[in-house]
Number of protein chains: 2
Amino acid sequence: MPLSPASVAEQEYLKQIYLLHEDEGRATTQMLADRLGVKPPSVTAMIKRLAEDEDGPLVRHMPYHGVDLTERGVAVALEMLRHHRLIELFLSELLGVPWDRVHEEADRLEHVLSEDLEERIATKLGNPTVDPHGDPIPSREGVIMPREMVRLTELPVGATGVISRIDQQEGPVLQYLASLGLILEETVTVQSIAPFGGVVTVRVGMGGPDSVHALGGDLAKHILIALACDEAEGSRR
Amino acid sequence: MPLSPASVAEQEYLKQIYLLHEDEGRATTQMLADRLGVKPPSVTAMIKRLAEDEDGPLVRHMPYHGVDLTERGVAVALEMLRHHRLIELFLSELLGVPWDRVHEEADRLEHVLSEDLEERIATKLGNPTVDPHGDPIPSREGVIMPREMVRLTELPVGATGVISRIDQQEGPVLQYLASLGLILEETVTVQSIAPFGGVVTVRVGMGGPDSVHALGGDLAKHILIALACDEAEGSRR
DNA sequence: TCCTGAATTTAGACTCATCTAAATATAAGG
DNA sequence: CCTTATATTTAGATGAGTCTAAATTCAGGA
C-alpha cells in the first residue's frame, strides 16, 4: 500500500513513463512531451525533479537516452493505473458512462481517489482484473494478471479469436470500432492481411458478408486477440 | 450551467466565502484563513486575484472589512456545493461510505467532477435535494429548495421535532452524535435548556430514560430541527 | 481624543510546473 | 571522418499559490 507521495503532475509523468515502456519499450523526452501535452524542456525539468526526490529517486535518467522507472516509481505508476482502470469500469458499469468517454473522466479522478474508496470500488465490482477496454487492473500489491494475447496484425489468415483488449484510448477511434461491431468479447476471423503493416480484413462474429470490414494496420495493431481454443490447441508444439 | 472557470484553490475559496456568509453572516480574512488552513496574507492575496479576475470579478473586497461574492462568485460556489453534496450522497448510498467520512472524500472529488458525471449521478440518485447531513443540494441552475428549520438550542422546553440537518462536518463529532442516536430523521424532545447557550437535554425517539442525553450548547446549535406537525400548528399565529 | 491590541494588508521570497530561446549532444549519411 | 538534422538539455522568465516579517488600519477603552 504505497501512500502515493507525488503531486498530480508527478503521478501523471510516472504513469506515462510506465505506459511508454509498455507500448514502445522506452520513454524519451519527446514521447513524453507529446503524450503529456507539454514542451520537451518541461519534461527534462520534471525528470530531474523525479530523479532527485527527497524520499529516494522515482526515475533513472540516462541523459539523451530516455528515462526509466525505479521500483518506487513503478509502485506509484501501478497505483495510478489501478485507480484509473477501476474508475473506468466503475463509471461504465454503475453510471452507464459510454465506453469511449470513461478514459478522460478517469484521468482526472484517478489522482484524488483515497485508498478507502479504491477498496470499496474494487469490492463493489468484485475485484475485477480487467477494465472496459480489456486493460489489466493491477492488484493492490501491484501484481498484473498475465494474459496470452496477440495483435490482430500478427494473426495468420483464417485464424479466429476473441477481441480481448483495445490498446487505444481516444474516444472517436473507440466509437468507430464499436460502430463496426469491434467490441470486447466479440469473435473475429481474419480474411486477409496485406503485408508490411497494410490493411487487415476481418469478419465480425458469425455474420455474413456485410459484417466484413477492412482496417488500417495502424488501427488493427491496437486490437488484441485471445486465440480461440481450437486455434490455441493447434499452436501448441 | 456555469462552466467553472476557476482553479481548485479559487473554487475552494469561493465555496468557503459562501459558507461563511451562510454560517456567520460575513467572511473575514481570519475566518477564511482558519477554514482553509492557510495564513492570512495568503487569503488577502487570493482575494485580490478573485476580485480582479480577467472575466470579471468573482468577489467584492472591502479592505479591512471582509469579502463578498459577486453573482459570478455565487454561481461557482453553488456549483461546488452541488458537486460536494451530490458526491456525499452518492458515496453514502452507492458505496456505503460511512456518514462521518463522506465529507473529506467529497472535498477532493468535487473539483474534478464533469458536468456529464454530475448529471448522471443526480439522475441515479433521483435528483435529490438534500445530502446525508441534511444540507440542501442546489439545483443545476443554482436554486436551493427552502426548508423551515430551527436550531435545537432555540426550541422551547417540551417541544418535539425531527432532526433534519446537522450543520457540522467533522468526522469525530458526527460519530459521537450517531452514537447517541442523534441521526437524520430521528425524533427528539427537549427536556431542558440551560440559559445563555448552556446544556440542552433531549430525549431521543420514543425511548425511555436511558435515551436522554445532555448536549453542550456549541454542539446542540448545529442540530437543526423541523418542527413536528402539531408543534408547527401550535406556533401559527 | 488618544492609545493600544488585534486584524489586515504590503513587501519580498520561495516552490512547482510550465514556457521560449539558445546551446549542446547524438546518430546517420555522404 | 565530417557534416547536418533532430533530439535534448541549459538558461532564464513567468504565474499560481503559499510563506514570514514588517507596516498599517481599525475598534474599543481610558
Side-chain angles (χ1 to χ4, degrees), chain A residues 4-17 20-21 24-68 73 76-77 80 107-108 110-112, chain B residues 4-17 20-21 24-68 73 76-77 80 107-108 110-112:
Chain A
S4 52
S7 70
V8 169
E10 286 177 329
Q11 289 172 359
E12 202 58 36
Y13 275 81
L14 293 170
K15 188 181 74 173
Q16 291 302 340
I17 293 168
L20 276 171
H21 273 277
E24 317 275 348
R26 70 215 182 89
T28 67
T29 304
Q30 188 64 62
M31 294 191 294
L32 280 166
D34 289 346
R35 290 223 183 177
L36 292 161
V38 299
K39 302 290 177 184
S42 308
V43 174
T44 306
M46 178 59 95
I47 286 173
K48 192 165 293 179
R49 260 174 264 140
L50 291 170
E52 288 162 12
D53 189 277
E54 56 179 5
D55 304 328
L58 292 155
V59 302
R60 270 178 297 270
H61 188 197
M62 289 85 82
Y64 296 98
H65 295 281
V67 64
D68 206 350
V76 175
M80 282 312 108
D107 252 353
R108 284 173 292 110
E110 64 187 12
H111 304 291
V112 295
Chain B
S4 52
S7 71
V8 169
E10 285 176 330
Q11 289 172 357
E12 202 58 36
Y13 275 82
L14 293 171
K15 189 182 73 174
Q16 291 303 340
I17 293 168
L20 275 170
H21 273 277
E24 318 275 346
R26 68 213 183 91
T28 68
T29 304
Q30 188 65 60
M31 295 192 293
L32 280 166
D34 289 346
R35 289 222 183 178
L36 292 161
V38 299
K39 303 290 176 183
S42 308
V43 175
T44 305
M46 177 60 95
I47 286 173
K48 191 165 296 181
R49 259 173 264 139
L50 292 170
E52 289 162 11
D53 189 277
E54 55 179 7
D55 303 329
L58 292 156
V59 303
R60 270 179 296 272
H61 189 197
M62 290 85 82
Y64 297 98
H65 296 282
V67 65
D68 207 348
V76 175
M80 283 310 108
D107 251 352
R108 284 173 291 109
E110 64 187 11
H111 304 291
V112 296

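These values consider heavy atoms only, across backbone and side chains, with no hydrogens, waters or symmetry-generated copies. Labels below follow one simple rule: chain letters A, B, ... track the order of the sequence lines, proteins then strands, and each chain is numbered from 1.
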Participant: Given C/dT24, C/dT8, C/dT18, identify the nucleotide with an atom nearest to the side chain of A/Tyr64.
Facilitator: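 Comparing C/dT24, C/dT8, C/dT18 against the side chain of A/Tyr64, the answer is C/dT24.
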Participant: For D/dA16, take OP1 and OP2 only and decide whether either is under 4.0 Å from a side-chain N or O of B/Arg49.
Facilitator: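 For B/Arg49, the contact criterion (side-chain N or O under 4.0 Å from OP1 or OP2 of D/dA16) is not met.
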Participant: Between C1' on D/dG17 and CG on B/Leu50, what's the gap in Å once rounded to a whole number?
Facilitator: 12 Å
Participant: Would you say B/Thr28 reaches C/dT8's phosphate, i.e. side-chain N/O to OP1/OP2 under 4.0 Å?
Facilitator: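 Answer yes for this pair, as a side-chain N or O of B/Thr28 is under 4.0 Å from OP1 or OP2.
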Participant: Any idea which of D/dC19, D/dA7, D/dT9 is nearest the A/His61 side chain?
Facilitator: D/dT9
Participant: Compare every heavy atom of B/Ile47 with every heavy atom of B/Val59, then report the nearest pair and how far apart it is.
Facilitator: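 Where B/Val59 meets B/Ile47 most closely, the heavy atoms are CG2-O, 3.8 Å.
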Participant: Under 6.0 Å from the CZ atom of A/Arg26, do we count more than 12 heavy atoms belonging to anything else shown?
Facilitator: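 Not buried by this count: 12 neighbours or fewer within 6.0 Å.
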Participant: In this structure, how many angstroms lie between the P atom of C/dA17 and the CD atom of A/Glu52, rounded?
Facilitator: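 After rounding, the reported distance stands at 14 Å.
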Participant: Closest to the A/His65 side chain: D/dC26, C/dT26, C/dA17?
Facilitator: C/dT26
Participant: Counting side-chain heavy atoms from C-beta on, which of C/dA17, D/dG17, D/dA11 comes nearest to A/Pro41?
Facilitator: D/dA11
Participant: Locate the shortest heavy-atom distance separating B/Arg108 from A/Val112; write the atom from each residue and the value.
Facilitator: NH1-O, 2.6 Å
Participant: So which nucleotide from C/dT20, D/dT9, D/dT18 ends up closest to the side chain of A/Pro63?
Facilitator: D/dT9
Participant: Under 4.0 angstrom, heavy atoms only, what part of the nucleic acid is B/Ser42 near: base, sugar-phosphate, or nothing?
Facilitator: base
Participant: Report the distance from atom CD1 of A/Ile47 to atom P of D/dA7, rounded to the nearest whole Å.
Facilitator: 15 Å
Participant: Return the value, rounded to whole Å, for the distance between atom NZ of B/Lys48 and atom P of C/dT10.
Facilitator: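 Rounding to the nearest Å, NZ of B/Lys48 and P of C/dT10 are 4 Å apart.
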Participant: Rounded to whole Å, please give me the gap between CD in A/Gln30 and P in C/dA27.
Facilitator: 16 Å
Participant: Does D/dT9 have its OP1 or OP2 closer than 4.0 Å to a side-chain nitrogen or oxygen of A/Thr44?
Facilitator: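 Yes, such a contact exists.
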Participant: What is the distance, to the nearest angstrom, from the CG atom on B/Leu36 to the P atom on D/dT18?
Facilitator: 8 Å
Participant: Side chains of B/Gln30 and B/Val43, heavy atoms from C-beta outward: is any pair under 4.5 Å?
Facilitator: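 Contact flag for B/Gln30/B/Val43 side chains = no.
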Participant: Can you measure from OG1 (B/Thr28) to CG (B/Asp34) and round to the nearest 0.5 angstrom?
Facilitator: 8.0 Å
Participant: What is the distance from CG of A/Asp53 to C1' of C/dC16, rounded to the nearest Å?
Facilitator: 13 Å
Participant: Just the rounded figure in Å: distance from C1' of D/dA22 to NZ of B/Lys39.
Facilitator: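 Those two atoms, NZ and C1', are 16 Å apart.
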Participant: Determine: side-chain N/O of B/Thr29 to OP1/OP2 of C/dT9, distance under 4.0 Å, yes or no.
Facilitator: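 Indeed, a polar side-chain atom of B/Thr29 lies that close.
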